[in-house]
**Q** 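So that we are looking at the same thing, I have put the structure below in structure tokens.
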Amino acid sequence: MSFDDYRGVWVFIEAKDGAVAPVSLELLGAGRTLADKRKTELAGVLIGHRVTGLAAAAFEYGADTVYVYDDPIFTHYRTETFMKALLACTQKYKPEIILYGATSTGKDLASAVATDLPTGLTADTTLLDVEEDTGLLLASRPAFGGNIMATILCKKYRPQMATVRPKVMKALPREEGRTGKLIEESIPLQEEDVRTKVLEIVRRTTQQVRIDEADIVVSGGKGMGGPEGFQLIHRLAGVLGAAVGASRDVVEAGWIEHHHQVGQTGVTVTPKIYFAIGISGAIQHIVGMQNSGLIIAINKDPEAAIFQSCHYGIVGDAFEIIPLLIEQFTKA
Ligand code: FAD
């Protein structure tokens with residue numbers, strides 16, 4: 001089968017609270033490299049209501065072209081409406097590659113588009129490249145519990161698609177004033193044709209720092225003994241202005257909600273400082289925090305695997321050490 005008419009690298013630009021989501025800017029950085037290697041253009045697809053102005057940011061961060069679907073029907077993300085727009089755009093312009101952030105929106109949209117086209121989709125990619133001779137997208141991701149890196153190719157279908165975790169790729173430096181081609185698109189879609197209705201948006205009311213955006217993350221594991229013991233993790237995080245992270249066992253025990261889970265089946269974090277307290281250091285946890293700037297582990301077992309993956313390790317009881325840290329950091 002010939003795919004000669006498929007050209008260009010696309011990034012689904014996620015608009016959030018009136019701005020481009022940071023992961024989309026990171027993907028434009030990664031997409032620029034792929035597009036240059038393929039000697040093709042880099043385009044963004046922006047879907048929403050009153051989002052046309054956001055195309056400027058996409059251009060400044062590397063896009064040559066931005067396709068925009070700006071209509072009240074796209075005010076809230078709904079799989080059905082966004083998928084129809086993206087499918088229409090894909091069928092009209094035939095991109096070779098489409099990248100999405102591995103956010104709840106990106107994951108949902110990418111899988112819906114992949115099913116409908118149909119084409120392949122590599123989820124949670126951490127490395128992107130193109131094969132020199134064939135030009136195929138090489139999408140790599142940890143597999144088998146993070147023990148190997150699997151490189152996944154989509155040979156039989158186009159476009160080749162991947163979701164990429166936030167904070168894994170790097171955005172290009174902003175080139176102020178850089179512009180490109182803006183192409184306004186629309187689809188004939190009426191509200192009465194859409195099965196999903198958004199009745200109410202309930203925002204999570206939390207003063208807590210977001211774990212994937214925090215400079216400091218204090219994570220606790222099963223070693224904290226229970227929900228009461230885990231409160232010490234919250235207290236230390238509070239003193240440091242840090243986000244609270246957790247191992248999967250802690251989440252499964254119900255001590256904290258899932259969006260705090262760090263690791264393979266949780267969030268990938270790259271803070272400047274990461275505390276792993278009462279966490280054994282299973283590979284599934286390590287893959288979610290190993291790129292942090294400075295990793296500090298506290299564990300009472302000197303043989304704990306976490307000590308192989310940290311910059312500083314404290315062998316001791318978390319219930320003795322955390323109060324000392326809180327005391328010192330409060331004074332500082
Ligand atoms: P444990 O392994 O029980 O470790 C507790 C640690 O606390 C021990 O090292 C102990 O020495 C120490 N400790 C005990 N008391 C104290 C004390 N008073 N002071 C100091 N230290 C103390 N896990 C994740 O975290 N994230 C994931 O995304 C994830 N995804 C997974 C996906 C799959 C497919 C699978 C199979 C597993 C996954 N896991 C994940 C689970 C992972 O394998 C481990 O089971 C989990 O990370 C262990 O959690 P823990 O370190 O909190 O608990």
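Just so you know, these numbers come straight off a predicted model, no measurement behind them. Counting starts at 1 for both ligands and their atoms, in listed order.
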**Q** Record the part of Ala282 in heavy-atom contact with ligand 1 below 4.0 Å; permitted values are side chain, backbone, both and neither.
**A**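 Ala282 to ligand 1: side-chain contact only, backbone stays beyond 4.0 Å.
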
**Q** Answer whether the closest heavy-atom distance between the side chains of Val66 and Lys181 falls below 4.5 Å.
**A**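 In short, these two side chains do not touch, never coming nearer than 4.5 Å.
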
**Q** Any chance the side chains of Thr330 and Glu327 put a donor and an acceptor closer than 3.5 Å?
**A**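 The criterion, which ignores hydrogens and geometry beyond distance, is not satisfied for Glu327 and Thr330.
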
**Q** Give every residue pair that meets the salt bridge (charged side-chain N to carboxylate O under 4.0 Å, His left out) criterion with at least one member in residues 283-293, sequence neighbours excluded.
**A**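 Counting only pairs at least two positions apart or across chains, no salt bridge (charged side-chain N to carboxylate O under 4.0 Å, His left out) contact touches residues 283-293.
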
**Q** Can you tell which of Gly221, Gly288, Gly278 gets a heavy atom nearest to atom 5 (C) of ligand 1?
**A**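 Residue with the shortest heavy-atom distance to the ligand atom: Gly278.
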
**Q** Who's closest to atom 35 (C) of ligand 1 heavy-atom-wise, of Arg248, Gln264, His285?
**A**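 Comparing heavy atoms across Arg248, Gln264, His285, the nearest one to atom 35 (C) of ligand 1 lies in Arg248.
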
**Q** Side chain, backbone, both or neither: which applies to Ile283 and ligand 1 if a contact is any heavy-atom pair less than 4.0 Å apart?
**A**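 Within the 4.0 Å criterion, Ile283 makes no contact with ligand 1.
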
**Q** For residues 20-38, which side-chain donor-acceptor pairs fall under 3.5 Å, sequence neighbours excluded?
**A**
unit_1: Ser24; atom_1: OG; unit_2: Glu14; atom_2: N; d: 2.9
unit_1: Glu26; atom_1: OE1; unit_2: Lys167; atom_2: N; d: 2.7
unit_1: Arg32; atom_1: NE; unit_2: Asp36; atom_2: OD1; d: 3.3
unit_1: Arg32; atom_1: NH1; unit_2: Gly62; atom_2: O; d: 2.8
unit_1: Arg32; atom_1: NH1; unit_2: Asp64; atom_2: OD1; d: 3.0
unit_1: Arg32; atom_1: NH1; unit_2: Asp64; atom_2: OD2; d: 3.1
unit_1: Arg32; atom_1: NH2; unit_2: Asp36; atom_2: OD1; d: 3.0
unit_1: Arg32; atom_1: NH2; unit_2: Asp64; atom_2: OD2; d: 3.4
unit_1: Thr33; atom_1: OG1; unit_2: Gly29; atom_2: O; d: 3.4
unit_1: Lys37; atom_1: NZ; unit_2: Asp129; atom_2: OD1; d: 2.7
unit_1: Arg38; atom_1: NE; unit_2: Glu96; atom_2: OE2; d: 2.9
unit_1: Arg38; atom_1: NH2; unit_2: Glu96; atom_2: OE2; d: 2.8

**Q** Please confirm whether Ala246 approaches ligand 1 to less than 4.0 Å, judged on its heavy atoms.
**A**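 No heavy atom of Ala246 comes that close to ligand 1.
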
**Q** So between Gly223, Ala304, Gly220, whose heavy atom ends up nearest atom 16 (C) of ligand 1?
**A**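 Looking at heavy atoms only, the winner is Gly223.
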
**Q** Tell me which one of Thr65, Leu42, Ile97, Ile98 satisfies side chain to side chain contact (heavy atoms under 4.5 Å, CB included) with Trp10.
**A**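 Between Trp10 and the candidates, side chain to side chain contact (heavy atoms under 4.5 Å, CB included) is satisfied uniquely by Ile98.
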
**Q** Which option, Lys300, Gln284, Met289, Glu252, owns the non-hydrogen atom nearest atom 42 (C) of ligand 1?
**A**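 Going through Lys300, Gln284, Met289, Glu252 one by one, Gln284 has the nearest heavy atom to atom 42 (C) of ligand 1.
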
